[in-house]
Amino acid sequence: MALRRALHFVFKVGDRTKTATFYRDVLGMKILRHEEFEEGCKATCNGPYDGKWSKTMVGFGPEDDHFVAELTYNYGVGDYQLGNDFLGLTLQSSQAVNNAKRLGWPLKELGGDVYVTQAPGGYPFYLVDKEHPSTDPVQKVCLGVSDLQGSTRYWMTLLGMKVMERNEEKKTVLLGFSETQCKLELQDVGGTVDHGTAFGRIAFSCPREQLPDLEALMIKENEKILTPLVSLDTPGKATVEVVILADPDGHEICFVGDEAFRQLSMVDPKGNELLNKAMAEDKSDEWFAKHNRQKAAA
């Protein structure tokens with residue numbers, strides 16, 4: 001499955017301004033694209049919430065060869081409940097460590113040149129205090145599972161990932177489609193996986209022609225399909241095909257046709273400007289305060 005590649009992880013964002021500070025000023029990522037929407041996404045990219053929302057893609061480089069973050073912000077939701085499903089994103093960047101120290105961003109040293117910090121909302125990020133690698137600084141995403149053996153089998157047998165490393169002591173398995181891509185680490189949480197309301201989604205691409213076969217395999221194996229194969233139209237941009245799955249613990253997995261997605265995911269040079277403009281024009285906090293109301297806690 002060498003033609004498959006890791007794309008991004010979707011985070012729900014309650015405070016867009018603080019989140020932008022974290023990704024841009026602390027981690028040192030760039031705004032790759034920013035889009036505003038007046039209604040919900042057909043593929044429920046922003047979760048089960050209706051109304052005005054935005055999507056911001058951030059990363060160290062284009063999604064063609066970098067694993068990035070998709071930040072979804074619902075104007076009427078101010079807080080999300082974390083579970084034990086997302087256990088962290090690890091990236092290698094001395095600059096990020098230095099930025100956090102300079103800006104006074106909370107940072108805890110774990111030893112071995114590794115620090116842990118949190119994005120707004122409580123999402124854990126592990127920073128390796130070493131120079132940027134020649135490839136993508138984002139090394140792995142860690143997800144909690146209740147049955148490590150069963151989950152490993154799912155990701156290997158059905159999705160085509162290879163086991164890169166096993167750690168019996170930490171109860172983890174590291175998987176990936178290739179050595180040069182961001183890896184997926186599964187960690188046994190010793191119980192049920194709780195997705196809270198902040199549950200995210202991990203996205204991968206594959207040749208478009210593989211999507212029907214992937215869906216058929218899931219049907220044959222009686223595995224869960226959240227969104228059957230569907231075409232998503234983006235005005236003025238490429239139409240992409242996606243199928244959204246759920247692994248044995250309910251982690252959402254989006255597979256998208258690679259050819260059209262490469263067109264859709266092209267970096268927008270106005271992305272940073274569009275995000276700044278949207279944040280400046282966002283009066284939702286003032287509106288809720290004026291009406292003596294609070295944003296919803298999802």
Side-chain angles (χ1 to χ4, degrees), residues 1-2 4-11 27 29 59-60 63 65-70 82-93 96-97 108 110-119 121-130 132-133 135-196 198-206 245-255:
M1 299 298 180
R4 296 185 179 182
R5 59 191 180 96
L7 298 176
H8 60 256
F9 193 86
V10 181
F11 295 96
L27 297 186
M29 289 184 175
F60 288 104
E63 207 163 350
D65 49 15
H66 290 75
F67 189 83
V68 310
E70 176 179 318
L82 290 174
N84 63 352
D85 54 344
F86 175 79
L87 299 181
L89 184 149
T90 299
L91 60 93
Q92 180 176 314
S93 172
V97 173
K108 180 181 179 182
L110 299 179
D113 294 324
V114 178
Y115 294 79
V116 64
T117 187
Q118 290 184 347
Y123 302 108
F125 278 67
Y126 294 88
L127 310 181
V128 180
D129 191 8
K130 296 180 181 179
H132 274 221
T135 53
D136 186 8
V138 180
Q139 297 182 332
K140 65 182 179 181
V141 173
C142 184
L143 301 180
V145 298
S146 60
D147 176 2
L148 187 58
Q149 183 177 350
S151 291
T152 302
R153 188 185 316 115
Y154 175 93
W155 287 88
M156 284 180 58
T157 306
L158 300 183
L159 300 187
M161 281 191 159
K162 297 181 293 185
V163 172
M164 307 290 186
E165 182 182 308
R166 296 180 187 267
N167 190 315
E168 300 293 338
E169 183 180 352
K170 294 182 179 179
K171 297 182 179 180
T172 62
V173 172
L174 189 69
L175 304 108
F177 287 120
S178 77
E179 291 287 351
T180 58
Q181 294 185 28
C182 174
K183 311 300 189 300
L184 172 68
E185 184 176 66
L186 304 178
Q187 181 171 351
D188 196 323
V189 296
T192 303
V193 174
D194 174 16
H195 293 275
F199 64 91
R201 173 185 294 166
I202 192 164
F204 302 91
S205 74
C206 66
L245 315 172
D247 80 351
D249 286 296
H251 290 289
E252 296 191 2
I253 310 158
C254 177
F255 271 89

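Here the structure is a predicted model, which is why all the values come from computation and not from measurement. Residue indices begin at 1 and follow the sequence shown.
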Self-check item: side chain to side chain contact (heavy atoms under 4.5 Å, CB included) between H251 and I202, intermediate numbers included
Solution: CA-CA 8 Å; H251 290 289; I202 192 164; over 6 Å; no
Quiz item: When you look at C182 and V141, which way does the side chain to side chain contact (heavy atoms under 4.5 Å, CB included) test go after all the steps?
Solution: CA-CA 7 Å; C182 174; V141 173; 4.1 Å; yes
Practice problem: Report the C-alpha separation of M164 and E179 in whole Å, then their side-chain angles, then the decisive distance to 0.1 Å, and conclude whether the side chain to side chain contact (heavy atoms under 4.5 Å, CB included) test is met. | Solution: CA-CA 8 Å; M164 307 290 186; E179 291 287 351; 3.4 Å; yes
Quiz prompt | Intermediate values then yes/no, side chain to side chain contact (heavy atoms under 4.5 Å, CB included), L174 and V163 | solution = CA-CA 6 Å; L174 189 69; V163 172; over 6 Å; no
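Using a 4.5 Å cut-off on side-chain heavy atoms (C-beta onward), L245 and L159 make contact. Contact check for D147 versus V145: no side-chain heavy atoms found under the 4.5 Å cut-off.
Between the side chain of Q181 and the main chain of A6, a donor-acceptor pair closer than 3.5 Å is present. For the pair H66 (side chain) and V138 (backbone), a donor-acceptor distance under 3.5 Å is absent. No donor-acceptor distance shorter than 3.5 angstrom exists from the side chain of R4 to the backbone of F255, with no hydrogens or angles considered. A donor-acceptor pair under 3.5 Å is formed between the side chain of N84 and the backbone N or O of D194. Although no hydrogens or angles enter the test, the distance criterion places a donor-acceptor pair under 3.5 Å between the side chain of D249 and the main chain of S146.
Atom CG of L175 is separated from atom CD of E165 by 10.5 Å, given to the nearest 0.5 angstrom. Rounded to the nearest 0.5 angstrom, L7 CG and E70 CD are separated by 10.5 Å. Residue D65 holds its CG atom at 9.5 Å from OG1 of T135, rounded to the nearest 0.5 Å. Taken from CG in L91 to CG in D136, the straight-line distance is 9.0 Å, to the nearest 0.5 Å. Note: L110 CG to D129 CG = 12.0 Å, rounded to the nearest 0.5 Å. Rounded to the nearest 0.5 Å, atoms CD (E168) and CG (D188) are 10.5 Å apart.
The heavy-atom pair separating E63 from H8 by the smallest distance is OE2-ND1, 2.6 Å. Minimum interatomic distance between R201 and I253 (heavy atoms only, all atoms of both residues): CG-N, 4.4 Å. What you find for F67 and F9 is that their closest heavy atoms are CZ-N, 3.5 Å. The nearest pair of heavy atoms linking L87 to L143 is CD1-C, 4.1 Å. The shortest non-hydrogen separation linking L82 to A198 is CD2-CB, 3.9 Å. Taking both residues in full, the closest heavy atoms of G88 and Y126 are given as CA-CE1, 4.1 Å, listed atom of the first, atom of the second, then distance.
Using a 3.5 Å distance cut-off with no hydrogens or angles, the side chains of H195 and D85 do pair a donor with an acceptor.
Annotation: F125 is not in aromatic contact with Y123 [ring centroid separation under 6.0 Å not met].
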